[in-house]
Amino acid sequence: MRQSVVGSGLQVPQGPAPSLTQPSCRAGREEPWGGPCVGHSVHRLLLCVLLHLLSFRRPRKAHGPLHPVGHCCAGGRDRATGFTTRSDIGPARDANDPVDDRHAPPGKRTVGDQMKKNQAADDDDEDLNDTNYDEFNGYAGSLFSSGPYEKDDEEADAIYAALDKRMDERRKERREQREKEEIEKYRMERPKIQQQFSDLKRKLAEVTEEEWLSIPEVGDARNKRQRSPRYEKLTPVPDSFFAKHLQTGESHTSVDPRQTQFGGLNTPYPGGLNTPYPGGMTPGLMTPGTGELDMRKIGQARNTLMDMRLSQVSDSVSGQTVVDPKGYLTDLNSMIPTHGGDINDIKKARLLLKSVRETNPHHPPAWIASARLEEVTGKLQVARNLIMKGTEMCPKSEDVWLEAARLQPGDTAKAVVAQAVRHLPQSVRIYIRAAELETDIRAKKRVLRKALEHVPNSVRLWKAAVELEEPEDARIMLSRAVECCPTSVELWLALARLETYENARKVLNKARENIPTDRHIWVTAAKLEEANGNTQMVEKIIDRAITSLRANGVEINREQWIQDAEECDRAGSVATCQAVMRAVIGIGIEEEDRKHTWMEDADSCVAHNALECARAIYAYALQVFPSKKSVWLRAAYFEKNHGTRESLEALLQRAVAHCPKAEVLWLMGAKSKWLAGDVPAARSILALAFQANPNSEEIWLAAVKLESENNEYERARRLLAKARSSAPTARVFMKSVKLEWVLGDTAAAQELSEEALRHYEDFAKLWMMTGQMQEQQGLTEKARDAYTQGLKKCPHSTPLWLLLSRLEEKIGQLTRARAILEKSRLKNPKNPGLWLESVRLEYRAGLKNIANTLMAKALQECPNSGVLWSEAIFLEARPQRKTKSVDALKKCEHDPHVLLAVAKLFWSERKITKAREWFHRTVKIDSDLGDAWAFFYKFELQHGTEEQQEEVKKRCENAEPRHGELWCAVSKDIANWQRKIGEILVLVAARIKNTF
């Protein structure tokens, strides 16, 4: 029996304690149990104790407390507990001493084995590697990991975890922001290759296929042996080679006698291998009975093959080669089945369809599917055989017969259809197919008439037959058709179209009696009356139609009736169209939604080019809302864009009668008369407008403009003087100053300006005009004083700041101009116009680097300014402009200035089609931008035709633009004050020198 010393790993025998009075080891005596002497035992015992103490140098990872074996902690303290001492187990043994148990399993035979095992376990328990070192816990992990994990520990861990989570959430935003900034900073310092070449990669989208193919290949970097390998040399094989090897590979018809000496293959049975028949050689290149090669047949086959190839690639007429480079591919394509599927799928489908046919041979879809499967796999004859067998199994199936007629060639198809008619004499589709197979018109007529004898109530057959007849014969056939098919609206209407007026009325009346629920008959009747000049009946017919249809339980669908009205409009039946609109426009609409819905309907009709329908809607809406100014305005604009001058003036006369306080209606009427050249009529309209709207600024100024445009300057002055006395406004004073200025009376203009500024000192335009007049006369100081005083009263007026800055730049005070613009930007932050002028000032001074820096700051402060982005595009070098334009479109997708800059960019790259497209886009988004029209016209002058130039000019005149930097510079020039829109367009286009 063995007892293990705690912590030492030594195995010592258990027995009685040795006596100290025994002889020493010098006597050479051994104890009865074979152990050493007592002296040696003491030394060994001390060594065992030392090893036992050393075993506690590291904490043990155990599940229980450390204590000697046999010791029970806190258990049975009131009673004695036995334990083992060193005297009970005897002296310790040396590690190399043999143990008593010589047959122990490996690893436990010696004390050394046990010590190595325990030491390895201790080393596994604690890892002293540097990677396992923790600043707080050290190498051994947690100090209390060996202790029990109780509920209090669990609650404490949960609380600490919640605190950590809370603190992490508080720091989350700051941490994410810091990480984002660090990433952005890193990307700025070390951009990716993809970002560095982004502008070049965008250009790859414009590379054409020819340009791509013209790119030279990269040089071959392989060595000489790899670049030019030795090609395999093929030498023609002589005929003797084939003859020799053919003899060695021939089959024998007899067995060697030496093989049969010991009971070999020679058997007495006649069915053995030794048969009287000749060998397995078949007649071919080998001659019968011999093993010789027939060289003559090889030569003949070779010549035949060569002749076939030559006949394919040569022209027998001209003798020239007509080889098609794609001929081989074409031949291969013709050999490939067109089904496009796997051959295994085809086999599976064929097997399944065969099973269906055998299971249910009278199922028509199975035969049709089988035939189509064979058709798509290229086996047309098999498909025909299958479908013909299907007609035998399913003779009453219309689809099978039609499929058979489709698959068969012409004459055979006719026979198939004839056979189908015998089985199905009532089938309309088979008769139609029979007529389609005929090529002669008379044969078609004969087939259809035969069909109508068997199926007289088929509308389809009647329509097909009538289409082949002449008008007179068609009328006779339709008379019979409506008797056989009285419920067909199409046949009734077709007959009515072919009849005379009186007979058509009778036909339509009969149609209404037979089909009282169809609206098309009523609409056709109304169109018939209108076509014959009986327009007063149109309204009654449509009203009766609505009443009759409702009486027969038909729901009046407003959308369908509006579509019918649009069709009448396109057909030219204006009265019918308007009558339908008036009858159905108010059906199914709530009272509060009427105006909104009707305006949408009018816009929809205009979009569908149904102008009479839109006119009818406006007329009905004006009857319901006679005092609505917005309705009158929309109707007036509709007539202006799509009507005539007479219709517009008639509408405006009615409009001002119902809305006399609407100044814009009076002004539109006066302008229409003025444009037509009827100045007295325009004056009379304005006089009536004065009576309805006394002291109206708009009417006063319109009257002044009318007189000044017609060179009646004295009358204009009198009108302005009267307006200043009766209705003094800042605009009236401004027009007065401008009139005197353009007429050359600068002194009177300055006097009026001073008077106006005493009353309206916060009106910026008066200060601008005063400064410009002084500047025109060369009085720079007075002009500067005027602008400076104006800015004190109007510090937020951008044009005033620009005028003062340009004045300083003009006289060479660049530093002062720069200071003025900086001051203006401080007082008017986020103002794109001021930033743009600052950039241009530096650019005109030749300081391009400063200009680019200012542009970057401007885009930071005004990131959505289209004016700044359009200028930034052309500040870049030519290769970077396209990249900049893409960024501009991302920021300002629908800004007209950006679109105009992109159009100019395409123009500079000579991409005419794209440039024209972007010009169209620009003027469509903002037709009031005069600069866009000027550049568009300049573009067409260089790259367009005369028709395109005139079209742009006409569209510009209709749009009447009023804004734009270049446009205003020309249109507001005193020298051009009487110019028309078209003339200003030409002047602005002529001023554009360099578009890029």
_For a quick test of reading the model, state the closest non-hydrogen atom pair linking Ala845 to Leu814 and the distance between them._
CB-CD2, 3.6 Å

*Pair Glu707 + Lys735: basic N to acidic O under 4.0 Å*: no

*Locate the shortest heavy-atom distance separating Ala903 from Ala915; write the atom from each residue and the value.*
O-CB, 3.7 Å

*Got a second to check how far Ser797's OG is from Trp767's CH2, nearest 0.5 Å?*
12.0 Å

*Would you call Leu807 and Gln813 a side-chain contact if the rule is heavy atoms closer than 4.5 Å?*
no

*Look only at the side chain of Trp977 and the backbone of Leu739, and say whether a donor-acceptor pair between them is shorter than 3.5 Å.*
no

*Return yes if some donor-acceptor pair links the side-chain N/O of Glu957 with the main-chain N/O of Lys954 below 3.5 Å, else return no.*
no

*Which is it for Lys953 and Glu940 under the salt bridge (charged side-chain N to carboxylate O under 4.0 Å, His left out) test, yes or no, and what are the steps along the way?*
CA-CA 10 Å; Lys953 191 173 182 180; Glu940 294 296 352; over 6 Å; no

*Check Glu600, Met581, Glu612 against Cys605 for a side-chain contact (heavy atoms from CB on, under 4.5 Å) and give me the one that passes.*
Met581

*With distance as the sole criterion, is a donor-acceptor pair present between the side chains of Trp741 and Gln772 under 3.5 Å?*
no

*Are the side chain of Asp895 and the backbone of Ser865 linked by a donor-acceptor contact shorter than 3.5 Å?*
no

*Near His943 NE2, under 6.0 Å, is it more than 12 heavy atoms from other residues, nucleotides or ligands?*
yes

*Do the side chain of Asp569 and the main chain of Cys577 share a donor and acceptor less than 3.5 angstrom apart?*
no

*Taking all atoms of both residues into account, what is the closest heavy-atom pair of Trp967 and Ile981, and its distance?*
CH2-O, 3.9 Å

_Distance-minimising heavy-atom pair for Ala934 and Ala989_ = O-CB, 3.9 Å

*Gap between atom CG of Leu841 and atom CG of Leu854 - 0.5 Å precision*: 9.0 Å

*Is there a side-chain contact between Phe919 and Leu900 (heavy atoms, below 4.5 Å)?*
yes

_Gap separating the CG atom of Leu648 from the CZ atom of Arg645, nearest 0.5 angstrom_ = 9.5 Å

*Could you tell me which non-hydrogen atom of Ala901 sits nearest to which non-hydrogen atom of Ile873, and how far apart they are?*
CB-CD1, 3.9 Å

*Indicate yes or no: at least one non-hydrogen side-chain atom of Lys884 is less than 4.5 angstrom from one of Trp869.*
yes

*asked:* What verdict does the salt bridge (charged side-chain N to carboxylate O under 4.0 Å, His left out) test give for Glu837 and Arg844, after you've listed the backbone C-alpha separation in whole Å, the side-chain angles of each residue and the deciding distance to 0.1 Å?
replied: CA-CA 10 Å; Glu837 184 63 22; Arg844 288 193 294 265; 3.0 Å; yes

*asked:* Just checking Glu893: does its CD atom have more than 12 heavy atoms from other residues, nucleotides or ligands closer to it than 6.0 angstrom?
replied: no

*Would you find a donor on one side and an acceptor on the other, under 3.5 Å apart, between the side chain of Ser672 and the backbone of Met668?*
no

*Look at atom CD of Glu946 and say whether more than 12 heavy atoms of other residues, nucleotides or ligands are closer to it than 6.0 Å.*
no

*Applying side-chain hydrogen bond (donor to acceptor under 3.5 Å, both in side chains), name anything that partners Ser736, two or more places apart in sequence or on another chain.*
Arg724

*If we ignore angles and hydrogens, is there a donor and acceptor under 3.5 Å between the side chains of Lys595 and Ser630?*
yes

*For the pair Glu809 and Arg816, find out whether any cationic side-chain nitrogen is under 4.0 Å from an anionic carboxylate oxygen.*
no

*Carefully, step by step, assess Arg921 and Glu917 under the rule salt bridge (charged side-chain N to carboxylate O under 4.0 Å, His left out).*
CA-CA 6 Å; Arg921 241 184 248 184; Glu917 178 185 348; 2.9 Å; yes

*When you look at Arg979 and Ser971, which way does the side-chain hydrogen bond (donor to acceptor under 3.5 Å, both in side chains) test go after all the steps?*
CA-CA 8 Å; Arg979 300 277 187 182; Ser971 63; over 6 Å; no

_Lys857 and Glu861 ion-paired at < 4.0 Å_ = no

*Listed by chain and number, what are the salt bridge (Lys or Arg N to Asp or Glu O under 4.0 Å) partners of Arg818, not counting sequence neighbours?*
Glu842

*Mark yes when over 12 heavy atoms from residues, nucleotides or ligands other than His894 sit less than 6.0 Å from its NE2; otherwise mark no.*
no

_Neighbour count above 12 (heavy atom, 6.0 Å) for Lys882 NZ_ = yes

*Is a donor on one side and an acceptor on the other found under 3.5 Å between the side chain of Asn641 and the backbone of Tyr637?*
yes

_Quick check on the 6.0 Å ring-centre criterion: do Tyr620 and Trp598 meet it?_
yes

*asked:* For Glu965, is there any backbone N or O sitting under 3.5 Å from a side-chain donor or acceptor partner on Asp931?
replied: yes

_Expected output: side-chain Thr597 to main-chain Asp593 donor-acceptor under 3.5 Å_ = yes

*Please report the closest heavy-atom contact between Leu859 and Leu868, naming both atoms and the distance.*
CD2-CB, 3.8 Å

*Evaluate whether atom CD of Gln978 has more than 12 neighbouring non-hydrogen atoms of other residues, nucleotides or ligands under 6.0 angstrom away.*
yes

*Is there a side-chain contact between Phe935 and Trp907, using heavy atoms and a 4.5 Å cut-off?*
yes

*Under the side-chain contact (heavy atoms from CB on, under 4.5 Å) rule, what do Ser838 and Glu822 come out as? Steps first, then yes or no, please.*
CA-CA 8 Å; Ser838 300; Glu822 290 179 1; over 6 Å; no

*Do the charged groups of Glu775 and Lys810 touch, with an N to O distance under 4.0 Å?*
yes

*With a cut-off of 6.0 Å (strictly less than), are more than 12 heavy atoms of other residues, nucleotides or ligands near CZ of Phe625?*
yes

*Less than 4.5 Å apart, any side-chain heavy atom of Glu808 and any of Thr815?*
no

*OG1/Thr922 to NZ/Lys904 distance, rounded to the nearest 0.5 angstrom?*
10.5 Å

*asked:* With a 3.5 Å distance limit and no angle check, can you tell me whether Asp928 reaches the backbone of Arg962 through a side-chain donor-acceptor pair?
replied: yes

*Residues Arg634 and Glu639 bridged, charged N to O under 4.0 Å*: no

*asked:* If you define the side chain from C-beta out and look only at heavy atoms, does anything of Arg881 sit under 4.5 Å from Glu909?
replied: no

*Report yes or no: do Thr798 and Asn828 form a side-chain donor-acceptor pair below 3.5 Å?*
no

*Could you tell me the separation between the NZ atom of Lys914 and the CH2 atom of Trp918, rounded to the nearest 0.5 Å?*
9.5 Å

*Looking at CE of Met769 and CZ of Phe733, how far apart are the two atoms once the value is rounded to the nearest 0.5 Å?*
12.5 Å

*Spell out, as yes or no, whether a donor-acceptor pair under 3.5 Å connects the side chain of Ser927 to the backbone of Val923.*
no

*Does a side-chain heavy-atom distance below 4.5 Å link Leu651 with Trp632?*
yes

*Trp933 ring centre to Arg955 NZ or CZ under 6.0 Å, with the angle to the axis within 45°?*
no

_Presence of salt bridge, Lys911 and Glu206, under 4.0 angstrom_ = yes

*Leu665 side chain reached by Cys659 side chain, heavy atoms, under 4.5 Å*: yes

